[in-house]
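Following: one structure in structure tokens, then a few remarks.
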Amino acid sequence: MSELKAAPAARWSIVRRITGWLARPVSRWILAGLVAAGFIGGVLFWGAFHTAVEATNTLEFCTGCHVMRDFVYKEYATTIHYQNRTGVKATCSDCHVPKEWFPKMMRKVQATNELWHWMLGTIDTKEKFEAKRLELATHVWDRMKQTDSLECRNCHTLQSMNPEFQKPRARKVHLDAFTSGQTCIDCHKGIAHNSPRERLTMTQIEALEKPNPAFIRPIPPTFIDGLARVTAREEAEAKARDEAARAAEQALRTRIEAELARKASGDSGAAAVDTFGVDWAVVPAKTVTLFYPGVSSFEWIQVARDHTGARGFLRTGERCSECHGKEVKDIGSKLVSGTKNEPTPIPGKRPWIDLSVQAAQDGSDLFLRFEWSDTPHAPVPFVEGGKMDPQHASKLSMMVAGPAVARAEQGGCWVTCHHDVRSMPDAARVDPAAAPGLLADARDATIAQGLTKYLADSRERIDLQGKDGPRGGGIVVKPASDLAALRAAGTRMELLRLRPGRPAESGSVLAQRLMEGGVPITGSIAQVGDRWVATLRRPLKPSGSGEIGIVPGAVYTVGFAVHDDFADARFHHVSLELRLALDGATSELPITSIAPSRR
């Protein structure tokens with residue numbers, strides 16, 4: 001008990017001593033000096049620490065070793081983050097180090113592992129670095145995925161984006177990112193360094209780029225307002241184009257009237273194109289832009305590592321035209337140049353063709369008239385004589401999708417274009433001679449030269465990535481009974497073709513392209529001055545089993561292609577998918593109703 005009483009007294013004794021010591025003037029000066037020294041020392045330490053940390057964030061520090069300087073820096077120096085029109089430069093730390101203090105320190109601690117591997121020489125040669133590139137990139141992608149692309153948001157945020165200055169596809173994807181929970185790194189890999197994304201498996205890509213509900217954000221009013229402004233501007237531009245198109249249409253009608261008058265007078269110089277008695281001068285025209293597709297196959301558009309639009313195509317059922325409808329000319333220019341998806345570019349080949357399409361129907365037949373410009377000859381360097389098909393300077397074809405063709409309403413003719421058909425990248429990996437069943441059913445001797453167009457529905461399996469063989473369906477075709485059932489269900493693409501000096505051809509595509517047994521058509525194609533003109537007549541009602549009937553109330557998917565300048569196989573120009581309907585309101589290709597007596 002006495003010890004307990006003594007403890008408070010001892011504590012008070014210590015307090016009195018300290019108080020007494022502080023009462024002395026000298027003691028107060030000593031204490032003030034110690035506090036000041038501690039403060040100044042802390043400031044100096046923090047300043048030195050901060051300076052040291054920031055020094056490790058400079059471009060000079062990051063490229064101080066030859067691994068960074070000789071490998072990744074050279075890649076980065078060719079990108080928009082290094083040099084651009086505004087002069088805003090993003091250095092290594094802007095993309096790899098968070099701005100917030102605690103995440104920044106965590107990143108610096110993690111970076112000590114890189115010093116360890118630097119000492120070990122883990123990636124000190126180009127070969128070692130390339131072997132580790134995917135692993136290193138995946139670490140960065142995983143970290144940015146977990147943090148909702150925190151480093152990207154040092155400079156960029158969805159909320160501050162103005163869709164007025166974005167391409168239609170970009171603004172659509174960014175709008176989807178708000179509501180689905182996508183983050184920057186899902187789409188933007190390889191923006192500063194060569195991306196090894198194509199080496200990921202589909203499973204890895206799906207896991208890495210899967211939307212995260214935690215990242216869903218409200219769409220800001222500024223984005224909505226910008227979207228409204230750009231929509232209004234594009235509508236005004238479309239109106240101006242329509243006015244220009246009306247002027248061009250008037251010129252077209254004048255030319256048609258002159259052509260018809262010459263033919264009626266028996267002028268031997270008139271175009272040898274059948275008008276079918278239709279007064280084409282009163283039928284409105286629609287311009288459909290065809291573009292050069294390169295080797296962008298049906299497999300390619302479904303693989304996310306090849307085509308960022310694969311997610312929307314497969315997940316939400318987006319049509320190709322929804323993303324690319326306003327940029328087909330840009331796409332054609334990129335592909336024809338060989339910068340993307342074209343291993344054998346043809347110098348001078350035009351990237352796109354404006355195809356004028358007129359359509360009319362009289363209750364019994366569908367009438368179509370096409371017109372497009374001729375082009376100067378661009379010799380093909382890898383073909384003897386420079387002409388792939390010397391007999392035909394230009395050809396026109398049209399496809400109509402059957403009601404049961406998978407993905408046709410999204411991709412149109414693309415559903416028939418595969419990576420392993422002849423003249424495509426994986427054609428050499430296919431041996432048609434090993435498919436006697438397919439050859440026996442072919443009725444087409446050219447099958448021996450390689451696979452023709454076909455539908456995925458006809459194959460036992462489709463290899464999208466080409467790991468076990470060629471990308472595509474190859475020669476493993478479903479049994480004849482299954483093919484017959486598919487045809488009966490409407491799983492076929494109708495193919496109509498016009499070539500100069502030859503009768504109009506009609507066929508279909510299922511297991512392969514067969515240019516016989518199709519719907520009976522008539523038509524012709526000829527060159528008139530510097531223009532090509534083609535006309536086509538197709539019955540609306542089917543006359544045979546499996547044919548596609550075009551009836552009121554139904555919507556059909558169609559597409560067009562032109563093989564210009566003696567082109568053959570895949571070296572053509574194609575349209576995106578179009579909706580065709582006799583009722584007009586839902587048709588993207590206007591159809592004029594005419595009286596049967598007028599033809």
With sequence neighbours left out, the residues meeting side-chain contact (heavy atoms from CB on, under 4.5 Å) with Pro552 are Leu582, Asp583

Q. Is a salt bridge present between Glu299 and Arg471, judged by a nitrogen-to-oxygen distance below 4.0 Å?
A. no

Would you say the side chains of Asp374 and Trp532 form a donor-acceptor pair under 3.5 Å? yes

Give the ring-plane orientation class for His418 versus Phe298, where under 30° counts as parallel, over 60° as perpendicular and anything between as tilted.
perpendicular

* Asked: Is Glu135 paired with Lys128 through a side-chain N to carboxylate O contact shorter than 4.0 Å?
  -> no

Of Asp365, Leu368, Ile550, the one forming a side chain to side chain contact (heavy atoms under 4.5 Å, CB included) with Arg538 is Ile550

In residues 561-568, what donor-acceptor pairs under 3.5 Å come from side-chain atoms, sequence neighbours left out?
from: His563; atom 1: NE2; to: Ala569; atom 2: O; distance (Å): 2.7
from: Asp564; atom 1: OD2; to: Arg350; atom 2: NE; distance (Å): 2.8
from: Asp564; atom 1: OD2; to: Arg350; atom 2: NH2; distance (Å): 3.2
from: Asp565; atom 1: OD1; to: His377; atom 2: ND1; distance (Å): 2.6
from: Asp565; atom 1: OD2; to: Ala378; atom 2: N; distance (Å): 2.9
from: Asp568; atom 1: OD1; to: Lys395; atom 2: NZ; distance (Å): 3.3

Margin query: Is any side-chain heavy atom of Pro381 closer than 4.5 Å to one of Pro347?
Written below: yes

Can Glu577 and Ser321 be counted as having a side-chain donor-acceptor contact under 3.5 angstrom? yes

If we ignore hydrogens and angles and just use 3.5 Å, is the side chain of Ser524 paired with the main-chain N or O of Asp274 as donor and acceptor? yes

query: Between the main-chain N or O of Arg497 and the side-chain N or O of Ser397, is there a donor-acceptor pair closer than 3.5 Å?
result: no

### Query
Are side-chain N/O atoms of Thr344 and Glu342 paired as donor and acceptor at under 3.5 Å?
yes

- Query: Is Glu588 salt-bridged to Lys286, going by a charged N under 4.0 Å from an acidic O?
  - Reply: no

Could you tell me whether the side chains of Arg579 and Thr557 share a donor-acceptor contact shorter than 3.5 Å? yes

Okay, side chain of Arg169, backbone of Gly325: is any donor-acceptor separation there less than 3.5 Å?
no

Worksheet item: Tyr454 ring centre to Arg513 NZ or CZ under 6.0 Å, with the angle to the axis within 45°?
Response: no

task: Could you tell me whether the side chains of His174 and Gln166 share a donor-acceptor contact shorter than 3.5 Å?
output: yes

For Asp354 and Thr287, which I'm curious about, is there any donor-acceptor pair between the side chains at under 3.5 Å? no

Q) Any sub-3.5 Å donor-acceptor pair from Gln410's side-chain atoms to Glu318's backbone N or O? A) yes

